[in-house]
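Worksheet for the structure shown next.
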Amino acid sequence: MLSPDKLTPRIDPSRDTGNEADFIDFDKLIAIARRQWRIVAACAFAFAILGVVYVLTSVPVYTADTSVLIDRSDNQVINQLAAFGQLDDDEGTVLSQVELLKSDTIAYAVVDKLKLVDDPVFTSPKNSLFSVATLKSLLNFRSWFADDAAVAPDPEMKRRWAAETVAGNIDVERVGKSYVLDVSYTSQSPDLARKIAAAIADVYMVDKLNSKYEATRRAGEWLQERIEELRQQALDTDLAVQKFRSEHGLVEAGSGTLLSEQQLSELNSQLINAQAATAQAEAKYARIKSIIQAKQTDAIVTDVLDSSISNDLRKKYLEASKLEAEIEARLGPDHVQAVRLRAEMAEYERLMFDELNRIAESYQSELQVAQSREKSLRDSVDQATGVAATAGETQVQLRELERTRDTYKNLYQNFLTRYQEAIQQQSFPITAARIITTAETPTKPSAPKRSLVVAFAMFLGCAFGSGIGAFREFRDRFFRTGDDVKDMLDVESLGVMPLIENNVEDPTLVDPGNPRSIARGGKTTTYVEEHPLSAFAETLRSAKIAIDISAADQRCKVIGVVSSLPGEGKSTTAINFAKLLAMQGARCLLIDGDMRNPGATRAIGRHAEAGLLEAIVDNRPLKDLILLDPKTKLAFLPTVARYRVPHSSELLASRGMDQLLEMARQSFDYIIVDLPPLAPVVDARAINPKLDAVVFVIEWGKTSRKVVQSTLLSEPDLYSKCVGAILTKVDPSQMKLYRTFGSSEYYYKRYSRYYTES
């Protein structure tokens, strides 16, 4: 009986059919590299050849360098004139100078200085085979059909072309975080590279000098006009301030402060001091009152400590208290002397509190005086505040006039100072940069770097080849190993069967003395006979064991051999499997159940005149229709299709087929049915209820995983009876490239000694 888990399909439809994994599998990566290294090597070699061709055909160029130092110490005057004393950001300044050196202004100046338009070395460069200029000239289709007069540029176009060429070959880099700029120029002529690099530095120095001179001159002219305007505005605003003061009687007490404001400030200070004195007197009075009310004889008050009367009374009180405690301890609390001492202590205590009341009255008097003084000062402050408020409303307008006056006065002073500095800067023009390294004639070409170009070409080739290899691996959607079968189909892998070339025997060869015998067939149908100890035969033995375990309760086992598509080796597998069973002594019947395309019959029973159709339709006896292999004792029921059978599925599911199998079960141990493929026809589904087990055949490297999964999902009943799958037509030389560490195929060399193909 089948286990409960075989009653439902075990394939997860959401299972990815690609080669992706949830983590990096280095074993798979190594296997991919083993499979695709030839593609990568071929691409690397091809790109290396292209790199060598490029190196051999390219024109060498030379680079001359010169260094320029930007001196920031002489730029402050111009910066102050432009931004009122605020210096530019250093990083932005240096980057601006880099762009200036690359600008068209410098390029045009260099072209004019060296007369590069008339220099044949500059205007007629050599172009390499793979250069951009060569490609542009080839793609300029209009120049092919235009005459020479139309193509010839005018002088201005030549000058512009020369400037663009110079600007394109200039390279300016900042040296670290310093103010040094490394200026380099690349040319096919080393001498021309030196000249242009030196000219760039010279032109830059002159441009800096001219720009500075022009800036100071323009700044001086503008400042002169602006100074006259500011001087007049400063005079007008100062007169307006003085006139406003006199009209509103705003008298200053010094340091720009009004007299009323000064008086109010002094009264406020006195009021704050009076409030502090009042608070202090009130705190002292409240403290001594709390002591008197609480009858605290041991409380500390500053004036009590300074009073000799209070100190004498306290001393007597303490002496009496000490003596009373001693007498009470010796003679008891009711002794006449103890009673007398307690009376004295009460009198001393009364006298001490009388002294505290006297001091409290003095504190109260001080508090009243402080409160009176505070009230008087508060009245004076209120009166002064009213006067200051009246003056403050007018002073708002005064302060606005004063701010305007001060602004124009400061602007006038600043512009006057800057004007004097501009005049000095214009009189003594000093450039803000200097050359620290002069250009020299290069002795070695800077490009192309031959080894680097070839290495980079090989790297690109490897990358291109890796891309092709990755695409091929991504597009590889076929079954390659037994692990693929387990992962994708969730069925056991029964093994692999190598590809066998059928070019040895005539498939129609039959024993003339016994026309009821099976034809010998080609090499593919006799491989298990000739190589019983091969891996091919071992795979079939694995299938037999799986069937015996799956259908152990069946005396005669009906086994279907099926595939997804035609041509996957299903018939070859069925024939060899049946012969193997017969060779092991089992009574085996092979039935060609593919009525539309009887491959097994064409291989070993083409000479038959009747077969399965006659047994089902005409109810002919099985013994009159089967062919027998005299060597293996295999019985074979062919299918002789003299015409197309449109209702083959009905025949396989018919009562006649049931009777045929029932009769065969009485005489045989195994019945192998070579079924049609699942994808094109439904015959396998029709006969499925009559089968005890199914062996699935998959062509190695040809049948898509998606096709196999879809066909099995559409046949859940047949899938539940599948005991395993066999990979057929395996190329051993390619199969070893798909072995990963830990898989059964990985250890093929270790257990291959158990097999022999001889």
For Asp112, the salt bridge (Lys or Arg N to Asp or Glu O under 4.0 Å) test, sequence neighbours excluded, returns Arg159
Any salt bridge between Arg403 and Asp406, counting N to O under 4.0 Å?
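Asp406 and Arg403: not salt-bridged.
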Lys/Arg-Asp/Glu bridge criterion (N-O < 4.0 Å) met for Lys195, Asp191:
yes
Do the side-chain N and O atoms of Gln97 and Tyr204 include a donor-acceptor pair separated by under 3.5 angstrom?
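Side-chain D/A pair, Gln97 to Tyr204: present.
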Taking [Y]'s backbone N and O only, do any of them form a donor-acceptor pair with [X]'s side chain (distance below 3.5 Å, no angle check)?
X      : Y      : result
Thr66  : Thr437 : yes
Ser184 : Asp171 : yes
Asp119 : Lys115 : no
Arg174 : Lys177 : yes
Ser376 : Arg373 : no
Asn414 : Asn410 : yes

Check against side chain to side chain contact (heavy atoms under 4.5 Å, CB included), Leu50 and Tyr54
CA-CA 6 Å; Leu50 293 177; Tyr54 172 78; over 6 Å; no
Could you go step by step and tell me if Tyr185 and Arg194 meet the side chain to side chain contact (heavy atoms under 4.5 Å, CB included) rule?
CA-CA 8 Å; Tyr185 185 83; Arg194 179 192 61 79; over 6 Å; no
Minimum-distance pair of heavy atoms, taken over all atoms of [X] and [Y]:
X      : Y      : value
Ser67  : Asp182 : OG-OD1, 4.0 Å
Ile436 : Val68  : CG1-N, 4.4 Å
Leu192 : Ser187 : CD2-OG, 3.6 Å

As a quick check of understanding, evaluate side chain to side chain contact (heavy atoms under 4.5 Å, CB included) for Thr165 and Leu116, giving each step before the final call.
CA-CA 10 Å; Thr165 303; Leu116 296 178; over 6 Å; no
Heavy-atom distance under 4.5 Å between the side chains of Leu100 and Ser103, does that happen here?
yes
Sequence neighbours left out, what passes side-chain contact (heavy atoms from CB on, under 4.5 Å) with Glu440? Give chain and number order.
none
In residues 444-471, what donor-acceptor pairs under 3.5 Å come from side-chain atoms, sequence neighbours left out?
unit_1 : atom_1 : unit_2 : atom_2 : d
Ser446 : OG     : Val61  : O      : 3.3
Ser446 : OG     : Thr63  : OG1    : 2.7
Ser466 : OG     : Cys462 : O      : 2.6

